[in-house]
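Working notes, beginning with the structure itself.
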Amino acid sequence: MEAQVLSKTYEPGAVEDKWYEYWMERGFSRADTDSTKAPYSIVIPPPNITGSLHMGHALNNTLQDIVIRFQRMRGFNVLWMPGTDHAGIATQNVVERKLAEQGLDRHGLGREKFIERVWQWKEQYGGVITNQLKKLGASCDWSRERFTMDEGLSEAVREVFVRLYHEDLIYKGNYIINWCPRCRTALSDLEVEHDEESAKLYHLAYPLKSGGGLITVVTTRPETMLGDTAVAVNPKDDRYLVLIGEKVILPILYREIPIIGDEHVDMEFGSGALKVTPAHDLNDFEIALAHGLEMVKVIDEDGKMGKEAGPYQGMDRFECRKKIVGDFERDGTLLKMEDYRHNVGHCYRCKTIIEPTLSKQWFVRTKPLAEAAIQAVTDRRTKIIPSVWEKTYFEWMNNIRDWCISRQIWWGHRIPAWYCEKCDEIIVSKEEPHSCSRCGGREFRQETDVLDTWFSSALWPFSTLGWPKETEELRVFYPTSVLITGFDILFFWVARMMMMGLKFMGDVPFRHVYIHALVRDIQGRKMSKSRGNVIDPLLVMKEYGTDAFRFTLAAFAAQGRDICLSEERIEGYRHFANKIWNASRFSLTNLADFRGIAHEVDFHEMSLANRWILSRFNETVREVTEALEEYRFNEGAQAIYHFIWHEFCDWFLELIKPVLYGKDDQQERTVTQYVLMRVLDGALRLLHPFMPFITEEIWQRLPQEGKSIMIADFPRYDGGLRDEEAIGDMDLVMRTIGGIRNIRGEMDIAPNKRLDVLLLAEEDGIRERLEQCRKYVIHLARVDRLSFITSGQKPRDAARAVLRDMEILVPMGKGLDLEGEVRRLKKEIHKVEKDLEIADRKLSNDEFISKAPEEVVEKVKLKKEALLIREKKLRESLGKILEIQGSTLSKGGR
RNA sequence: AGGCACGUAGCUCAGGGGGAGAGCGCUACCUUGACGCGGUAGAAGUCGGCGGUUCGAAACCGCCCGUGCCUACCA
């Protein structure tokens with residue numbers, strides 16, 4: 001017998017890289033456009049090239065890999081399309097910071113040189129995250145890896161831009177946008193984070209032009225008063241009605257501005273009079289448009305006061321605020337200052353306070369695109385899972401606003417628009433134009449703005465497949481099967497892919513959208529570097545093994561919104577991996593001399609243990625398959641966990657040990673080896689999507705011919721293996737053994753002491769069934785002699801366990817702990833009585849009898865009968881014990 | 001301000017209209033020839049509170065309390 005040499009514990013570090021390389025070298029994850037198999041595809045949410053693997057990536061990609069491996073094993077032609085995102089602002093910031101360390105800045109370098117530097121940086125560090133994904137086991141088709149700025153994708157971006165522009169779905173316009181003075185770029189609404197902050201609410205008095213009156217306005221940003229071009233009041237407001245049409249003298253600058261009536265003004269808030277600063281507030285901007293007001297920009301791109309700011313020119317906006325407040329105070333026109341909490345917008349990248357600013361930007365007209373995207377989800381061409389997110393999706397889509405897509409940075413897709421040097425005509429085309437369509441001029445300057453990073457991301461599901469070319473990839477793999485992502489980018493990304501996919505492909509980009517939770521720390525906080533609460537997935541993988549980590553993520557994936565990762569859980573699943581390892585070690589040792597079976601064995605001829613485990617395995621196949629089909633990762637994980645540990649290891653392996661060790665029945669031994677082999681192999685396959693590495697490591701040692709478990713068939717449910725009788729008989733065995741063990745525990749009997757056990761089973765068939773599996777009971781409960789008795793033969797001095805269909809007695813002689821036994825029996829009687837009470841209450845309720853479904857009533861009746869029998873037996877037993885106790889006492893035994 | 005989640009054993013969390021579950025932790029015992037990263041047994045919860053629907057609610061509905069998140073142009 002050649003012994004397999006396996007170490008006593010599973011060491012993940014030693015095998016993970018080896019198998020990943022093996023898979024990749026042999027191209028097991030490669031998709032094939034010529035395949036006759038049905039296609040199954042997922043596009044990865046492309047991580048930023050600046051990124052390094054965090055918990056969110058780990059969860060997201062683990063779930064994708066589980067689905068991908070599952071579907072691949074089920075026989076689909078699988079494509080998992082990988083790639084990375086150029087991450088405009090983020091990447092530019094990183095490189096700028098690096099330059100700053102060398103005392104350089106991008107302006108000194110110039111645009112071209114700077115972009116060159118970014119590409120260099122990308123070559124050097126951009127692959128970090130993809131290597132980390134490989135560590136995680138992600139079975140992407142790396143031969144197709146794409147980057148949002150590579151040539152093909154850039155062409156797709158230009159194509160889309162040009163087509164949208166010519167359909168008037170992209171326009172350039174003056175608008176108030178979110179400006180980050182530090183990044184010096186416009187941001188979309190989504191890129192602004194709102195946080196509640198403490199501030200002051202200033203009450204400022206503006207003098208009326210006609211005579212000595214004053215009107216009070218209220219603001220949190222006094223410095224913007226320099227750009228005020230009106231004061232607005234609600235036309236329904238009696239206090240101010242007469243003032244509408246009057247003029248106000250703007251303090252400090254002494255500009256005349258009108259008092260206007262506008263219904264948007266809230267009469268309840270502050271004084272009910274609103275200072276209108278169209279160039280620095282969205283709301284004011286809209287009022288100004290409606291009333292044809294002037295728009296005066298007083299804050300510049302760098303956050304400093306501009307030339308319209310009069311005496312404050314050149315000051316930082318917050319310094320200016322202090323100064324102006326001081327000036328008002330001095331003049332006695334600062335009427336009040338109160339504490340106030342309100343939301344302030346911050347740049348999502350650098351946390352600088354956003355300055356709403358009037359600016360000329362490029363926009364996508366989103367409403368026409370959104371209609372189709374709403375329709376596609378309404379009629380379920382794309383299904384959002386879990387469906388609660390549909391509501392959020394609709395809410396946003398229905399209230400969508402035009403999308404500001406231009407960014408004043410350098411790293412990104414430069415907008416394909418050119419301005420004629422002679423007449424300023426805008427020409428939008430994929431390549432630089434030859435001559436101006438209006439004046440025939442031949443000199444052009446290209447638009448300097450680049451596109452929002454999410455613009456190229458929106459095209460990802462088809463641009464990565466080769467669009468605008470008509471490729472085989474598009475034909476086979478579009479629409480993709482599912483998109484798996486966190487809810488934090490539902491609007492940023494999912495919604496926009498829906499719009500673009502429908503617009504340019506004429507079909508939804510994915511059939512399903514599965515939204516998973518975000519990973520938070522143990523206090524439920526979002527993990528972030530600044531909070532210092534990050535758990536580094538790479539360290540976790542190193543310490544506990546990738547498989548244990550992946551399994552933990554899958555097991556946690558149920559929660560709606562949050563996953564608070566606990567290291568104890570990961571440790572628990574490391575133990576699970578080790579358990580699998582050792583069960584396999586045991587199995588392999590005992591399979592060493594297995595040479596296969598001569599001919600197929602009839603399932604119904606097999607031993608109880610064999611039929612039972614095959615039947616249970618089969619059920620587990622069904623559970624795991626159904627769970628994964630519906631993205632219920634935690635349920636799949638739990639089903640396979642329970643099967644392997646608590647059925648395969650706890651019971652099956654223990655049950656078959658005598659068979660494997662014994663030499664007498666070679667036929668049963670061979671069949672059992674066969675079943676062991678089959679179930680172990682099947683369990684590994686079921687587990688493979690969750691734990692790819694350990695399953696491969698073990699599977700390769702099994703006597704089989706396959707190249708890799710990764711491309712082996714996923715087990716299929718087999719109706720022929722369903723065996724209710726085996727399940728029922730094993731239940732009897734397990735309860736009997738449990739009863740004996742319980743007595744052992746309660747009576748404090750040493751585990752290795754062999755017992756004489758008496759079974760009283762008078763019900764029909766129970767005794768016969770138990771007779772057939774007595775060997776299991778004898779072995780696992782460490783029984784010396786197992787005898788069946790009738791109720792007349794009950795010994796007095798026995799510890800007993802009363803089950804619903806039998807009694808287990810262990811004669812104890814003098815060793816019987818009378819008091820302990822009395823206590824235990826009383827406790828059980830109490831429990832039974834309580835259950836009886838509940839059953840009685842139900843059965844004596846006429847309405848229950850008449851209204852509850854028949855099977856429920858029947859169930860309660862049966863239960864009551866069983867309880868009554870059990871109660872009777874327990875009382876009998878108690879009586880016996882008390883009798884002994886009484887006689888012992890009367891003999892003066894105490 | 002609106003909206004959406006969540007509140008179940010000491011901890012982390014499943015489940016979900018008819019007998020309260022798992023893992024970890026805890027207690028006791030066990031080096032039984034795969035595994036002490038193990039085994040066996042055990043203790044432990046008025047399923048956030050109050051109402052309602054129902055024959056029956058931990059689950060469905062309403063309100064309240066607590067927590068978290070998302071959306072929003074109240075200066």
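By convention in this document, chain letters (A, B, ...) are assigned in the order of the sequence lines, proteins followed by strands, and residues within each chain are numbered from 1.
- Note on A:Lys391: every side-chain N or O is 4.0 Å or more away from OP1 and OP2 of B:rA5.
- Contact annotation: A:Arg741 does not reach the phosphate of B:rG42 (side-chain N/O to OP1 or OP2, under 4.0 Å).
- Here the nucleotide nearest the side chain of A:Phe556, chosen from B:rC13, B:rG18, B:rA34, is B:rC13.
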Could you write out each protein N or O paired with an N or O of nucleotides 20-29 of chain B at a distance under 3.5 Å?
residue: B:rG23; atom: OP1; partner: A:His646; partner atom: NE2; Å: 3.4

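- Checked against the 6.0 Å centroid threshold, A:Trp645 and A:Tyr641 count as a close aromatic pair.
- Separating the NZ atom in A:Lys8 from the CG atom in A:Asn582 is a distance of 8.5 Å, to the nearest 0.5 Å.
- Listed by chain and number, the residues in a salt bridge (charged side-chain N to carboxylate O under 4.0 Å, His left out) with A:Asp846 amount to none (sequence neighbours excluded).
- The CD atom of A:Glu571 sits 15 Å away from the P atom of B:rG36 (whole-angstrom rounding).
- An aromatic stacking contact links A:Tyr661 with the base of B:rG33, defined here by ring centres under 5.5 Å apart and ring planes under 30° from parallel.
- Counting only heavy atoms from C-beta on, A:Val856 has its side chain closest to B:rG18 among B:rG38, B:rG18, B:rA41.
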For RNA chain B, what is the dot-bracket line, given that a base pair needs Watson-Crick (N1 to N3, plus N6-O4 or O6-N4) or G-U wobble (N1-O2 and O6-N3) geometry with both distances under 3.5 Å, and | means paired with another strand?
(((((((..((((....[..)))).(((((.......))))).....(((((..]....))))))))))))....
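- For the side chain to side chain contact (heavy atoms under 4.5 Å, CB included) with A:Trp699, the lone residue among A:Ile694, A:Leu687, A:Leu684 that qualifies is A:Leu684.
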Side-chain donor-acceptor pairs of residues 259-276 of chain A under 3.5 Å, sequence neighbours excluded:
residue: A:Asp262; atom: OD1; partner: A:His264; partner atom: N; Å: 2.8
residue: A:Asp262; atom: OD1; partner: A:His264; partner atom: ND1; Å: 2.7
residue: A:Asp266; atom: OD1; partner: A:Glu268; partner atom: N; Å: 2.9
residue: A:Ser271; atom: OG; partner: A:Thr216; partner atom: O; Å: 2.4
residue: A:Ser271; atom: OG; partner: A:Ala273; partner atom: N; Å: 3.3
residue: A:Lys275; atom: NZ; partner: A:Thr224; partner atom: OG1; Å: 2.6
residue: A:Lys275; atom: NZ; partner: A:Asp228; partner atom: OD1; Å: 3.1
residue: A:Lys275; atom: NZ; partner: A:Thr277; partner atom: OG1; Å: 3.0

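- Checked against a 6.0 Å centroid threshold, the rings of A:Phe285 and A:Tyr175 count as neighbours.
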Side chains of residues 733-748 of chain A: which donor-acceptor pairs under 3.5 Å do they make with residues two or more places apart or in other chains?
residue: A:Arg735; atom: NE; partner: A:Asp731; partner atom: OD2; Å: 3.1
residue: A:Arg735; atom: NH1; partner: A:Asp805; partner atom: OD1; Å: 3.3
residue: A:Arg735; atom: NH2; partner: A:Asp805; partner atom: OD2; Å: 3.0
residue: A:Thr736; atom: OG1; partner: A:Leu732; partner atom: O; Å: 2.7
residue: A:Arg744; atom: NH1; partner: A:Ala750; partner atom: O; Å: 2.8
residue: A:Arg744; atom: NH1; partner: A:Pro751; partner atom: O; Å: 3.3
residue: A:Arg744; atom: NH1; partner: A:Lys753; partner atom: O; Å: 2.8
residue: A:Arg744; atom: NH2; partner: A:Lys753; partner atom: O; Å: 3.1
residue: A:Arg744; atom: NH2; partner: A:Ala781; partner atom: O; Å: 2.9
residue: A:Arg744; atom: NH2; partner: A:Arg782; partner atom: O; Å: 3.0

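- B:rG33 sits 15 Å from B:rU40 when the P atoms are compared, rounded to a whole Å.
- Between the side chain of A:Asn283 and the base of B:rC73 there is at least one donor-acceptor pair of N/O atoms closer than 3.5 Å.
- At a cut-off of 3.5 angstrom, counting only N and O atoms as typed in the model, there is no donor on one side facing an acceptor on the other between the side-chain of A:Lys8 and the base of B:rC35.
- For the segment residues 836-846 of chain A, residues with any heavy atom less than 4.0 angstrom from an atom of RNA chain B are, sorted by number, A:Lys842, A:Asn845.
- At B:rG38, none of the side-chain N or O atoms of A:Asn582 fall inside 4.0 Å of OP1 or OP2 (strictly under the cut-off).
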